[in-house]
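Data block below; observations after.
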Protein chains: 2
Amino acid sequence: MTEEAYLRDYDPKAFDSPLLSVDAVLFTYREGQLKVLLVERSNHPEMGKWGLPGGFVDLEADGTLEDTVIRKLQEKTGVVPPYVEQLSTIGNRSRDKRGWSVTVCYTALIAHQECETHIDTVSDAKWVNLKDLEKLDLAFDHKSIIAAGRERLKQKALYSIVPAYTLPEKFTLSDLQHVHEVLLGKPLQKKSFRRRIEQADLIVDTGEKSAEKGRPAILYRLKPEASRHTFIRNLEL
Amino acid sequence: MTEEAYLRDYDPKAFDSPLLSVDAVLFTYREGQLKVLLVERSNHPEMGKWGLPGGFVDLEADGTLEDTVIRKLQEKTGVVPPYVEQLSTIGNRSRDKRGWSVTVCYTALIAHQECETHIDTVSDAKWVNLKDLEKLDLAFDHKSIIAAGRERLKQKALYSIVPAYTLPEKFTLSDLQHVHEVLLGKPLQKKSFRRRIEQADLIVDTGEKSAEKGRPAILYRLKPEASRHTFIRNLEL
DNA sequence: CTAATAGTGTCTATTAGACATTATGTG
DNA sequence: CACATAATGTCTAATAGACACTATTAG
């Protein structure tokens, strides 16, 4: 048989295959707390429970898996997050009552203010502090996916500046240090933290200053290539 | 409708979904060269081309995605590799002529000698030097998946001892350093390399020695937890 | 002035890189 | 002995951590 004949007669439903979905762990930072976006499930299974934003690939609308996750996040937040990264893919027989199921999971980061207004208008999406997650009963294995996303972000805090994407476009070094400290669960030396970022040349002075209590702080902006930089030496745990 | 009723009537083929497969980039090291396992495709599409070992989830036989990839690797090599790690999941409309397709990719490492005999008996699987890959025309996007796996392994060489799994169970520090040097494409300082491994306490002296030309070298074995260790400081690029 | 927070100066202990030296095998 | 490779000793420049200090705003 030629390949042409094979493709002409190919039936994608001839073989049983796992259910395939996409899920996103969207983090943000506000007032000293890391938060994750949860949505209320409006359909079976696990209807009424809260879980991660996500869904199925739309074979017409989506060109890639990343298109799918971005489309889903935009539906819930109104905006496209500035940082999206694949986390891991989980597939097994037991995670979904419908049967063998695979989910391609992503971690995404966004500034709280970016999607504040949109989320405030809907009742089926909300930010939940990571600290408050333990009490909740989430759909499927979403709690462990969030834990994996949080662990990945913690690792990123050790060797990159990626956690900065949880902050507004213009941010202070103090805020950035606080995000890292929350992720790592320990205080960092101000001088060391600033030295490594300055040496890596990852941010630019916007010329503006924050207007808080005490001495105003310089507002910086990430350089476009900042997310790809990895420090030679990690912060210590 | 209750969840029970929903699940009873659930039809997994009601909606169009992408084709889902699993692929593995299996690396080994022999005589100064990194090699990757390729298999010849015996079915359409891309029949006759060489590509990565992989295939479809068997909903009956496989409990998890990792079961699938290990089953496929065992079919081709006769053994289960000591190191298997998820690489990334690639899904888009164009990578497979059959339509929207998703592949969950893994990186795996094994000692060349472990599967030498089995591979020598089959004609549809072979080791290919990474250096010789450029000339070949592989199936689907497998060449770029191999490049991603190689890049991941290079990163691991910078901050972990994971490349040791390309070596036999008992190996010398010189051999390990050579693997790292090939991955990084630059020579390393012997003293520095040994110091960091000794300090991290990742290997044990087997008491045996290698029998090559020159002074015999101590044969070491990896500690079980060695794959999880990350050095605080990376090797420099 | 004080309080509060931002930002800098500087000492020191640690350590990776460099490379010289010693050790242990074979013929 | 020479030769080859393994393994170690040791100097030095670089630097992260620690923390004291100075700077800049508000009131």
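A, B, ... follow the sequence lines: proteins, then strands. Residue 1 opens every chain.
Listed for the A:S160 side chain is no donor-acceptor partner under 3.5 Å among the backbone atoms of A:T230. Side chain of B:H118 to main chain of B:K76: a donor-acceptor pair is present (N/O by atom type, distance under 3.5 Å, no hydrogens or angles). Side-chain N or O atoms of A:D205 include one that pairs as donor or acceptor with a backbone N or O of A:G207 at under 3.5 Å. Checking side-chain atoms of B:E85 against main-chain N and O of B:A108 turns up no donor-acceptor pair under 3.5 Å.
Within the shown strands, C:dT15 is the pairing partner of D:dA13 under the Watson-Crick or G-U definition, both distances less than 3.5 Å.
In this structure, CD of B:E208 is placed 17 Å from P of D:dA6, rounded to the nearest angstrom. For the pair B:I232 CD1 and C:dA13 P, the computed distance is 19 Å after rounding to whole Å. One interatomic measurement links the two molecules: CG of B:D175 to C1' of D:dA6, which rounds to 12 Å at whole-angstrom precision. One interatomic measurement links the two molecules: CZ of B:R196 to C1' of C:dT14, which rounds to 16 Å at whole-angstrom precision. Computed from coordinates, the A:Q189 CD to C:dC11 P distance equals 17 Å when rounded to whole Å. Between A:F231 atom CZ and D:dA16 atom C1' the separation is 13 Å, expressed in whole Å. The interatomic distance linking B:L188 (CG) with D:dA6 (P) rounds to 15 Å, in whole Å. D:dT8 atom C1' lies 16 Å from atom CD1 of B:I197, rounded to whole Å.
When distances run from any side-chain atom of B:R233 to the nucleotides D:dA16, C:dA16, C:dA6, the shortest one goes to C:dA16. Among C:dA6, C:dA4, D:dA4, the nucleotide with an atom closest to any side-chain atom of A:K213 is C:dA4. Residue A:R194 has its side chain nearest to C:dA6 when only D:dG17, C:dA6, D:dA6 are considered. Comparing C:dG17, D:dT24, C:dA6 against the side chain of A:P216 picks out D:dT24 as the nearest. The listed nucleotides are C:dG7, D:dA16, C:dA16; the one nearest the side chain of A:K190 is C:dG7.
For the pair A:Q199 and B:H178, both in contact range of DNA chain D, the more 5′-proximal nearest nucleotide belongs to B:H178. If A:K209 and B:E236 are placed on DNA chain C by their nearest nucleotide, the residue sitting closer to the 5' end is A:K209.
Counting non-hydrogen atoms under 4.0 angstrom, A:S192 reaches a base of the nucleic acid. Contact annotation for A:I218: backbone-only contact, meaning every heavy-atom pair under 4.0 Å involves sugar-phosphate atoms and none involves a base.
Taking the charged nitrogens against the carboxylate oxygens, A:K170 and A:E208 do have a contact shorter than 4.0 Å, which makes a salt bridge.
Between the side chain of A:R215 and the base of C:dA4 there is no donor-acceptor pair of N/O atoms closer than 3.5 Å.
Taking the centre and axis of the six-membered ring of A:F27, the NZ or CZ atom of A:R150 falls outside the cone set by 45° and 6.0 Å.
Taking the six-membered ring for Trp and the full ring otherwise, the centers of A:H180 and A:F193 sit less than 6.0 Å from each other.
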Between N or O atoms, less than 3.5 Å apart, protein on one side and nucleotides 9-13 of chain D on the other: list the pairs.
| from | atom 1 | to | atom 2 | distance (Å) |
| --- | --- | --- | --- | --- |
| D:dG9 | N7 | B:K191 | NZ | 2.7 |

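Taking the six-membered ring for Trp and thresholds of 30 and 60 degrees, A:H142 and A:F140 have ring planes inclined between 30 and 60 degrees apart.
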